[in-house]
> 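I'd like to ask some things about the structure below.
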Amino acid sequence: MHYLAAELRLPTNGLDYTILAIYFVVVLGIGFAARASVKTSLDFFLSGRSLPAWVTGLAFVAANLGATEILGMAATGAQYGVAVVHWYWIGAIPAMVFLGLVMMPFYYRSKVRSVPEFLLQRFDKSAHLLSSILFAFSAILIAGVNLYALSIVVEALLGWPQWVAIVVAGLFVLVYITIGGLSSAIYNEVLQFFVILAALIPLTLLGLKRVGGWDGLSDSLTSKHGSNFMSAWGGTGIGDANPLGANWLTIVLGLGFVLSFGYWTTNFAEVQRALSAKNLSAAQRTPLIAAFPKMFIVFVVMIPGLVAAVVVPNIGTDGSGTTYNDAIPLLMRELLPNGVLGIAVTGLLAAFMAGMAANVSSFNTVFTTDIWARYVKKDQSDAYYLRFGRLITALGVLASIGTAFIAASFSNIMSYLQTLFSFFNVPLFVVFIIGMFWKRASMKSGVWGLLAGTTAAMVNYFVIYKQGVIDIPSDQGANFVSAIVGFVAGAVVMIAVTLFTAPKPEAELAGLVYGTESPGAPEVPEEGDSAWYRRPALLGWGAIVLAALCYVPYSF
């Protein structure tokens, strides 16, 4: 595990700690205030579906703007350069708009309490149980990443060993999530959104001033890393070299389509915020409202990473004693005066709690409603499930403390996150997208698509990439390819299984498949219909060809 050197300790004083203490008091106060509204399990898991769109919209973006986002994207900027914009303008905005306009009506009208529950309605119990287990497992792993990210900051702030920081911070989040449920998490995320911006904006502006503005920053990094480092698309031609180690095809397909749509449309940590909205209109507007700040947040996480690459010229290199994950704490030490430093540290802690709370609250919902209540303890009272939800929240936080030490082995936590997304979110997405647009997709195709997609993504990463079967230059490039391979494998297996197994009765598909929004509505005839979403076999063959093309540049 990596430890920050003692000389990198942040020069905090009483003013900084006072700001930090005030923030913690407010957070706990929100948790206790929200407790009064938690009377049923629906209140605990989905805020009673009563929140306005502006609240759920800000919570939606804040849940993603966790410590992993800030430390991870700053690390990505320091390591790969301006290419980090792809994770926002290609890897987020289009998928968020698609979620709001196309997928939220399916989620909200079906009255599901979780993403896996939608698969139960569309496919069968086997697809539902497998997706629930995979999601619960991934949520704990991702929550552990947030804990590790926080430990970096707390170590710099207080000098605590990382394991102490991980345990103490995890227990703090446990208190306010267990007390107030999702409402506590969401209202704290709205507060945290503004605190995070208050921390990042001064860091960005002072960083640019330190390196001579954008021109000075660009000149310094271009002379050290080459012109492609300061260009989003420079060197991304097939066969060309660039810092990211990915070509335009793997960026557009792997990140822009498979990874981003897989994350934003099926990751319950995000979708849960929209499902807590008071009506369908508010639910649809939730990701659309979140998309506006998301477009600009890239600048306040990317620029500090670029500045760190100049101010700390040996960051991330062997023997330097630092990793790319240290970019933000190092820059805070170099640039921020006391008072502002306290705000910045508070912002990072707020970011951690937003990301951690999002994953813990989604984990407790899925485990309670989709696994425990459906397969272990059926037909219990609502009070029982409310108590169990609080209990499993505690167990989830404890498990996250354990997985935090896995994240500590990665020098760039964003690479680790993208690896997890390619394993878990992408297979879920391919099952969703085919199930939503192809009525013929059989009940059994869902579970086999999930298994095939997850297995193929893991084989690509651990065998083809890690064992050097094909030389892919970077972890991020390998993640993009793994996502594409997982998507294609899941799609092909779903189509193949569908040809030999029974479809779900059409009467049970109303509102679950595109074109069947309301029960009793006339069905759109499939015969002679050339719409793309009714020709999955054609899509499958096209996807196979594109996946094969993704390997070509790495074969020479």
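In this text, all values refer to a predicted model and were calculated from it rather than measured experimentally.
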> Under 6.0 Å from the NZ atom of K209, do we count more than 12 heavy atoms belonging to anything else shown?
no
> Could you go step by step and tell me if Y461 and F423 meet the side chain to side chain contact (heavy atoms under 4.5 Å, CB included) rule?
CA-CA 9 Å; Y461 187 83; F423 292 169; 3.9 Å; yes
> Do M302 and W87 come within less than 4.5 Å of each other through their side chains, counting heavy atoms only?
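With C-beta onward as the side chain, the pair stays apart.
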> I'd like to know if the side chain of T419 pairs up with that of N479 as donor and acceptor (distance under 3.5 Å, no hydrogens or angles considered).
yes
> Going through the checks in order, is the side chain to side chain contact (heavy atoms under 4.5 Å, CB included) test met by F261 and V426?
CA-CA 8 Å; F261 277 69; V426 168; over 6 Å; no
> Partners of T286 by side-chain hydrogen bond (donor to acceptor under 3.5 Å, both in side chains), sequence neighbours excluded?
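Partners of T286 under the side-chain hydrogen bond (donor to acceptor under 3.5 Å, both in side chains) test: T56.
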> Could you pull out the closest heavy-atom pair between L335 and G207, with the gap in Å?
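Smallest interatomic distance, heavy atoms only, reads CD1-CA, 3.5 Å.
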> Less than 4.5 Å apart, any side-chain heavy atom of L134 and any of L428?
no
> Please set out all donor-acceptor pairs under 3.5 angstrom arising from side-chain atoms of residues 215-222, sequence neighbours excluded.
from, atom 1, to, atom 2, distance (Å)
S220, OG, G216, O, 3.0
T222, OG1, S218, O, 2.7

> Check whether any side-chain heavy atom of T76 sits under 4.5 Å from a side-chain heavy atom of V301, and report yes or no.
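Contact flag for T76/V301 side chains = no.
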> Would you give the length of the straight line joining atom CD1 of I201 to atom CZ of F299, rounded to the nearest 0.5 angstrom?
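The CZ atom of F299 is 12.5 Å from CD1 of I201, to the nearest 0.5 Å.
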> Taking the side chain as every heavy atom from C-beta outward, state whether F424 and F135 have any pair of such atoms under 4.5 Å apart.
no
> State, yes or no, whether a side-chain contact exists between I140 and F363 at a heavy-atom distance under 4.5 Å.
yes
> How many angstroms lie between CD1 in I303 and CG in L200, if you round to the nearest 0.5 Å?
11.0 Å
> Side-chain donor-acceptor pairs under 3.5 Å in residues 88-102, sequence neighbours left out?
from, atom 1, to, atom 2, distance (Å)
Y88, OH, E69, OE2, 2.4
W89, NE1, M295, O, 3.0

